[in-house]
Engineer: 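Pasting a structure here, questions to come.
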Amino acid sequence: MTERAKVLVIGLGGTIAMAPGAAPGVVPKLSAEALVAAVPGLSAVAEVEAMSWRLLPSAHLTLDDIEALAGLIAERGPGLTGVVVTQGTDTIEETAFVLDRLLAPGLPVVVTGAMRNPSMAGAEGPANLLAAVTVAASPAARGMGVLVVMNDEIHAARFVQKRHTTSTAAFVSPSLGPVGWLNEGRAVLPLRPDRSALPLPAAAVDPAPKVALLTIGMGDRGELIRAALDAGFDGLVLAGVGGGHAAPDAVAALADAVARVPVILTSRSGGGAVLTSTYGYPGSEIDLIGRGLVPAGLLDPVKARLLLLLLLRRGADRGQIAAAFAAEA
């Protein structure tokens, strides 16, 4: 007889757990136990344990929260088939990416939420939670790293992005597409992205470093770059135009920044890898990389900021930072 799957559901709050409050609007109110109890047929998929760990809007979560969550998952992992994390959709891609960099890829870990709160018609939270538990309980999900399950689609943490403010189909993976989907109550996972990166060690740097994410626009003169340096940021992530380009008047500020802190080059385009060897004009990717900016490969600006933060928290030097981002190409 096959042993029954055991899945731990950890609740962090978010829209999936919100209800009307005393003031206008909805606020986090529902426990993980309440979310699990509201899903028809969940007990047929796995033996589910619910744990209410936070009850916050996802914009209130911090990197310290997610580092602690990774420690909790690592501690509870033995004896479990998989773990599901429920939270608000605003920062699902960030939580999933950080967990993906901190946890070994063996145990299936799935992050899910809802675009519609439980008081709305068509609230999809129960369906997303059922799908997430189904994926976490599936042997096919082992070794896949952290996954995001929304709208019956399965996305890899490295690629997923929230690209719509309200649609239930808000989550996409522009550079890859979903790695799988749910079909008649079964997880289908035909794609398996590379998971060769080793988990990062525990953080050791105190106080925690700060990284600014700056978007370049037409005619940018670099004032915000200089302001970030003056404010004491320990690293910068540049979301350049197109393939990773900057206005010529911003180049001097970027050169000054590289002399002081690590600067990561990404694209604001939303899909595709930052270029490294195509354009040669001032402010092009060849020019900026030649000045010391580190290309982020396939990582979008939000994830590049998180990776740089994680590395700086662990005392990584410039060479180690460059090597980590080179692995994202």
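Just so it is clear, the values below take in all heavy atoms, side chains as well, and ignore hydrogens, waters and symmetry mates.
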Engineer: CG of L306 to CD of E93: how many Å apart, nearest 0.5 Å?
Structural biologist: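 Answer for the CG-CD pair, L306 versus E93, is 9.0 Å.
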Engineer: Side chains of T62 and D64: do they bring a donor and an acceptor to under 3.5 Å?
Structural biologist: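 Short answer, no.
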Engineer: Heavy atoms only: give me the nearest G283-L288 pair and the separation to one decimal.
Structural biologist: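 In this case the closest contact between G283 and L288 is O-CD1, 3.6 Å.
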Engineer: Using only atom types and a distance under 3.5 Å, with no angle test, would you say the side chain of E285 pairs donor to acceptor with the backbone of T278?
Structural biologist: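 Yes.
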Engineer: I'd like to know whether CZ of R318 has more than 12 heavy-atom contacts from other residues, nucleotides or ligands below 6.0 angstrom.
Structural biologist: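 Above 12, so yes.
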Engineer: Is D100 paired with R158 through a side-chain N to carboxylate O contact shorter than 4.0 Å?
Structural biologist: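 Between D100 and R158 there is no salt bridge, as every charged N stays at least 4.0 Å from the carboxylate O atoms.
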Engineer: Under the side chain to side chain contact (heavy atoms under 4.5 Å, CB included) criterion, do E49 and V7 qualify, and how do the steps go?
Structural biologist: CA-CA 6 Å; E49 176 189 351; V7 175; over 6 Å; no
Engineer: Would you say V237 and L275 are hydrophobically clustered, going by side-chain heavy atoms of ILVMFWY under 4.5 Å?
Structural biologist: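 No: no chain of side-chain contacts under 4.5 Å links V237 to L275.
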Engineer: Do L265 and V302 belong to the same hydrophobic cluster, where Ile, Leu, Val, Met, Phe, Trp and Tyr are linked whenever their side-chain heavy atoms lie under 4.5 Å apart, directly or via other members?
Structural biologist: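 No, because L265 and V302 fall into different hydrophobic clusters, even though each may have its own neighbours under 4.5 Å.
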Engineer: Rounded to the nearest 0.5 Å, what's the gap from OG1 on T266 to CG on L213? Could you check?
Structural biologist: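 Reported to 0.5 Å precision, the distance equals 7.0 Å.
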Engineer: Between S267 (side chain only) and G242 (backbone N and O only), is there a donor and an acceptor less than 3.5 Å apart?
Structural biologist: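 Flag set: sc S267 to bb G242 pair under 3.5 Å.
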Engineer: Would you check if L309 and L63 make a side-chain contact, meaning some heavy-atom pair closer than 4.5 Å?
Structural biologist: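 In contact.
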Engineer: Tell me whether K29 contacts the main-chain N or O of P20 through its side chain, where contact means a donor paired with an acceptor under 3.5 Å.
Structural biologist: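 Yes; at least one donor-acceptor contact below 3.5 Å.
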Engineer: Do L200 and L311 have side-chain heavy atoms sitting under 4.5 Å apart?
Structural biologist: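 L200 reaches L311 side chain to side chain.
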Engineer: Using side chain to side chain contact (heavy atoms under 4.5 Å, CB included), reason through D234 and K210 one step at a time and then give a plain yes or no.
Structural biologist: CA-CA 5 Å; D234 303 288; K210 302 183 298 181; 4.1 Å; yes
Engineer: Would I10 and I73 satisfy side chain to side chain contact (heavy atoms under 4.5 Å, CB included), going step by step from the backbone distance to the final call?
Structural biologist: CA-CA 9 Å; I10 304 173; I73 292 171; 4.0 Å; yes
Engineer: So I321 and F325, do their side chains get closer than 4.5 Å, heavy atoms only?
Structural biologist: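 Counting from C-beta outward, F325 and I321 do come under 4.5 Å.
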Engineer: Considering only heavy atoms from C-beta outward, does the side chain of V39 approach that of P126 to under 4.5 Å?
Structural biologist: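 Of all side-chain heavy-atom pairs linking P126 with V39, at least one is under 4.5 Å.
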Engineer: So, taking the atom named CZ in F97 and the one named CD in Q161, what distance separates them when rounded to the nearest 0.5 Å?
Structural biologist: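 Answer rounded to 0.5 Å: 12.0 Å.
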Engineer: Please report, to 0.1 Å, the donor-acceptor pairs under 3.5 Å made by any side chain of residues 128-150, with sequence neighbours excluded.
Structural biologist:
unit_1 : atom_1 : unit_2 : atom_2 : d
N128   : OD1    : N151   : N      : 3.0
N128   : ND2    : G113   : O      : 2.9
T134   : OG1    : L130   : O      : 2.8
S138   : OG     : A140   : N      : 3.1

Engineer: With rounding to the nearest 0.5 Å, note down the distance linking OG1 in T166 to NE2 in H164.
Structural biologist: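 The NE2 atom of H164 is 4.5 Å from OG1 of T166, to the nearest 0.5 Å.
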Engineer: Would you say I264 and L293 are hydrophobically clustered, going by side-chain heavy atoms of ILVMFWY under 4.5 Å?
Structural biologist: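 No, I264 and L293 fall in different hydrophobic clusters.
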Engineer: Once you round to the nearest 0.5 Å, how far does CD1 of I66 lie from OG1 of T95?
Structural biologist: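 Separation between the atoms: 3.5 Å.
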Engineer: For the atom pair CG (L224) and CG (L236), what is the distance rounded to the nearest 0.5 Å?
Structural biologist: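 The CG atom of L236 is 10.5 Å from CG of L224, to the nearest 0.5 Å.
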Engineer: A304 and A296: which non-hydrogen atoms are nearest, and at how many Å?
Structural biologist: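 In terms of heavy atoms, the two residues are closest at CB-CB, 4.1 Å.
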Engineer: Donor-acceptor pair, T91 side chain versus A59 backbone, under 3.5 Å?
Structural biologist: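 No; judged by distance alone, with no hydrogens or angles, the pair does not exist.
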Engineer: For residues R163 and P174, report the shortest heavy-atom separation together with the two atoms involved.
Structural biologist: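 Between these two residues, the closest heavy atoms are NH1-CG, 3.1 Å.
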Engineer: Would you say the side-chain atoms of D287 and S284 include a donor-acceptor pair closer than 3.5 Å?
Structural biologist: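 No - no donor-acceptor pair under 3.5 Å links their side chains.
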Engineer: With a 3.5 Å cut-off and no angle check, do the side chains of K162 and T89 form a donor-acceptor pair?
Structural biologist: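 A donor-acceptor contact under 3.5 Å links the two side chains.
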Engineer: With the side chain counted from C-beta on, respond yes when D152 and N183 share a heavy-atom pair under 4.5 Å apart, and no when they do not.
Structural biologist: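 A side-chain contact is absent here, since even the closest heavy-atom pair is not under 4.5 Å.
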Engineer: Which residue in the set V211, V294, L308 passes side chain to side chain contact (heavy atoms under 4.5 Å, CB included) when paired with P262?
Structural biologist: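 Between P262 and the candidates, side chain to side chain contact (heavy atoms under 4.5 Å, CB included) is satisfied uniquely by L308.
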Engineer: Considering only NZ, NE, NH1 and NH2 on the basic side and carboxylate oxygens on the acidic side, decide whether R101 and E94 come within less than 4.0 Å.
Structural biologist: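 No, R101 and E94 are not salt-bridged.
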Engineer: Under a single-linkage definition using a 4.5 Å side-chain heavy-atom cutoff for Ile, Leu, Val, Met, Phe, Trp and Tyr, are L30 and L61 assigned to the same hydrophobic cluster?
Structural biologist: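 Per the 4.5 Å side-chain linkage, L30 and L61 are not co-clustered.
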Engineer: Between the side chains of R313 and E67, is the shortest nitrogen-to-carboxylate-oxygen separation below 4.0 Å, so that they form an ion pair?
Structural biologist: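 Between R313 and E67 there is a salt bridge, with a charged N closer than 4.0 Å to a carboxylate O.
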Engineer: Less than 6.0 Å separating the ring centroids of Y279 and H245?
Structural biologist: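 Yes, they do, as the ring centres are separated by less than 6.0 Å.
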Engineer: Using modelled atom types only, decide if a donor and an acceptor are shared between the side chain of D300 and the backbone of K303 within a distance under 3.5 Å.
Structural biologist: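 Here the side-chain-to-backbone pair exists.
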Engineer: With a 4.5 Å cut-off on side-chain heavy atoms, are D220 and V241 touching?
Structural biologist: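 When only atoms from C-beta onward are counted, D220 and V241 do not touch, as no gap falls below 4.5 Å.
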Engineer: What pair of heavy atoms forms the shortest contact from A32 to S52, and how long is it?
Structural biologist: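 In terms of heavy atoms, the two residues are closest at N-OG, 2.8 Å.
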Engineer: Which heavy atom of M18 sits nearest a heavy atom of N117, and at what distance?
Structural biologist: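 That closest heavy-atom pairing would be O-CB, 4.1 Å.
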Engineer: Between the main-chain N or O of G122 and the side-chain N or O of R116, is there a donor-acceptor pair closer than 3.5 Å?
Structural biologist: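 Yes.
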Engineer: Minimum heavy-atom separation for V274 and P295, please, with both atom names.
Structural biologist: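 Of all heavy-atom pairs spanning V274 and P295, the closest is CG1-CB, 3.8 Å.
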Engineer: Is there a path of hydrophobic side-chain contacts, each under 4.5 Å between heavy atoms of I, L, V, M, F, W or Y residues, that connects V84 with L99?
Structural biologist: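 Shared cluster, no.
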Engineer: Please tell me if the side chains of V110 and V85 come closer than 4.5 Å, counting only heavy atoms from C-beta onward.
Structural biologist: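 No, their side chains stay 4.5 Å or more apart.
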Engineer: Between R314 and Q320, does the side chain to side chain contact (heavy atoms under 4.5 Å, CB included) criterion hold? Intermediate values first, please.
Structural biologist: CA-CA 11 Å; R314 286 149 178 82; Q320 292 168 322; over 6 Å; no
